[in-house]
Each structure stands twice: as structure tokens, then as C-alpha cells.
Amino acid sequence: QVQLVESGGGLVQAGGSLRLSCAASGRTFSSYLISWFRQVPGKEREFVGSVSRSGGFTYYADSVKGRFTISRDNAKNTVYLQMSTLKAEDTANYYCAASAIVASASTVAARDPKKYIYWGQGTQVTVSS
């Protein structure tokens, strides 16, 4: 079993940067593909990006490509989401999630929240314009 805890959210001005962390418990962390999703009240959860089990491959939604970077440190059981050039439309609650069944970060399955068994509690990011 894996428990995920996000941190690093907060209020930032448009154009600014923020780094989110997703800390995991459990000795099998490296066996899970990790993704970030975000959600605004009243809307469906939106895929942000994924990182492979080794950390060597990442995939991003078009809306964040070039602005967000996901990295992973399996020795620390932690995944990071570095967000730059933030926009008001990036305002959301950000969640990390772990999947044991998604094979690759670039697959359609990786973008499906139903493929993830473990979720963090979320961290709020608010971008002021």
C-alpha cells in the first residue's frame, strides 16, 4: 500500500513559479507510475502530467507543456511538479496519484483517473492575475 502526501501549494502571482512535492510511504514506490492531476470545483479532474517508474520519461498535457516539469527521486520516495510561468487558469487543487497498472507515462491510460489506485489529499494552488 502507498500513501501520498502533497505539499507546496499556495498563492502566487501570474508569471511566478511554484514547486509541489508528493511524498510517498511504502517500500514499493518505484513500482508505481506517478501522475499529477488538478481539479477545479464543479469540473472533472484534469490530467497534468506523468513520470515513468524510473523517472527517465515524462509526458505532459498540452496546457502545461513547456511550463511544468515533473521529476522523481525514488531514493526519497518523492515526485516533484515544478510549475513556471503560472497563469490564472492553473488555479486548482493539485493531486498526485499512483498507478500499478499503467504501463507507460505517454499512454491514454495514464491520463485516465480511474487507472490510479492511490491518491493524495491534494494541495491548493491559486494564481492571481
Side-chain angles (χ1 to χ4, degrees):
Q1 188 165 349
V2 175
Q3 290 185 321
L4 304 174
V5 178
E6 302 96 337
S7 62
L11 175 64
V12 62
Q13 287 188 333
S17 299
L18 209 56
R19 188 177 82 158
L20 306 184
S21 298
C22 172
S25 63
R27 288 176 286 182
T28 60
F29 176 69
S30 61
S31 66
Y32 292 89
L33 181 140
I34 304 294
S35 292
W36 287 93
F37 291 82
R38 64 188 182 186
Q39 189 169 25
V40 175
K43 293 190 176 182
E44 292 187 355
R45 197 159 289 190
E46 176 190 14
F47 172 80
V48 174
S50 293
V51 60
S52 64
R53 288 164 175 80
S54 68
F57 183 79
T58 53
Y59 183 84
Y60 302 94
D62 288 343
S63 58
V64 306
K65 199 174 297 180
R67 300 188 298 120
F68 289 12
T69 302
I70 298 175
S71 60
R72 177 174 189 154
D73 186 339
N74 283 338
K76 296 182 178 179
N77 278 14
T78 303
V79 172
Y80 304 97
L81 176 64
Q82 177 68 47
M83 304 184 293
S84 303
T85 319
L86 282 161
K87 306 175 182 179
E89 51 263 43
D90 294 319
T91 295
N93 205 5
Y94 283 73
Y95 300 87
C96 61
S99 175
I101 62 174
V102 175
S104 171
S106 62
T107 60
V108 172
R111 303 193 280 277
D112 182 357
K114 296 188 292 295
K115 302 298 185 185
Y116 293 80
I117 187 172
Y118 299 115
W119 290 83
Q121 82 290 348
T123 185
Q124 178 67 34
V125 172
T126 303
V127 183
S128 63
S129 57

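As the structure is a computational prediction, the values presented were derived from the model and not from experiment.
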Take Gln13 and Ser128 through the test side chain to side chain contact (heavy atoms under 4.5 Å, CB included) and record every step on the way to the result. CA-CA 5 Å; Gln13 287 188 333; Ser128 63; 3.7 Å; yes

Minimum heavy-atom distance between Ala110 and Ser50, given as atom pair plus value: CB-OG, 3.8 Å

Shortest non-hydrogen contact from Phe29 toward Asp73: CE2-O, 4.4 Å

Mind checking whether Tyr95 and Trp119 have parallel, tilted or perpendicular rings, split at 30° and 60°? perpendicular

Using only atom types and a distance under 3.5 Å, with no angle test, would you say the side chain of Asn74 pairs donor to acceptor with the backbone of Arg53? yes

Test of understanding: clusters of I, L, V, M, F, W, Y form through side-chain heavy atoms closer than 4.5 Å, transitively. Do Val102 and Trp36 belong to the same one? no

Grouping I, L, V, M, F, W and Y whenever their side-chain heavy atoms are under 4.5 Å apart, do Ile34 and Ile117 come out in a common cluster? yes

Report yes or no: is the cationic atom of Arg19 (NZ for Lys, CZ for Arg) under 6.0 Å from the centre of the six-membered ring of Tyr80, at an angle within 45° of the ring normal? yes

Checking side chain to side chain contact (heavy atoms under 4.5 Å, CB included) for the pair Gln82/Ser17: CA distance, chi angles, key distance, verdict? CA-CA 7 Å; Gln82 177 68 47; Ser17 299; 4.0 Å; yes

Electrostatic pair Asp62:Lys65 at N-O distance under 4.0 angstrom: yes

Looking only at non-hydrogen atoms, find the nearest pair between Arg38 and Asp90 and report the distance. NH1-OD1, 2.9 Å

Closest non-hydrogen atoms of Gln124 and Ala92, given as atom of the first, atom of the second and distance, are NE2-O, 3.4 Å

Considering all heavy atoms, the nearest Leu4-Ala24 contact: CD2-CB, 3.6 Å

Ser63 and Glu46: side chain to side chain contact (heavy atoms under 4.5 Å, CB included), yes or no, with the steps? CA-CA 10 Å; Ser63 58; Glu46 176 190 14; 3.6 Å; yes

Distance col, row Arg72:CZ vs Ser54:OG, nearest 0.5 angstrom, shows 8.0 Å

Looking only at heavy atoms, what is the nearest atom pair of Glu6 and Thr123, with distance? CB-CG2, 3.9 Å

Identify, with sequence neighbours excluded, every residue that meets side chain to side chain donor-acceptor pair (under 3.5 Å) alongside Tyr32. none

Who pairs with Phe47 by ring-ring contact (aromatic ring centres under 6.0 Å, His included), at least two apart in sequence or on another chain? Phe37

Working to the nearest 0.5 angstrom, can you tell me the gap between Ser25 OG and Asn77 CG? 8.0 Å

Given the rule that I, L, V, M, F, W and Y join up when any side-chain heavy atoms are under 4.5 Å apart, are Ile70 and Tyr94 in one cluster? yes

Leu20 and Tyr116: same hydrophobic cluster, using ILVMFWY side-chain contacts below 4.5 Å? no

Side chain to side chain contact (heavy atoms under 4.5 Å, CB included) for Leu86 and Leu18? Distances and angles first, verdict last. CA-CA 8 Å; Leu86 282 161; Leu18 209 56; 4.0 Å; yes

Group every Ile, Leu, Val, Met, Phe, Trp and Tyr by side-chain heavy-atom contacts under 4.5 Å, then state whether Leu33 and Tyr59 land in the same group. yes

Under 3.5 Å donor-acceptor, Thr107 side chain and Ala105 backbone: no

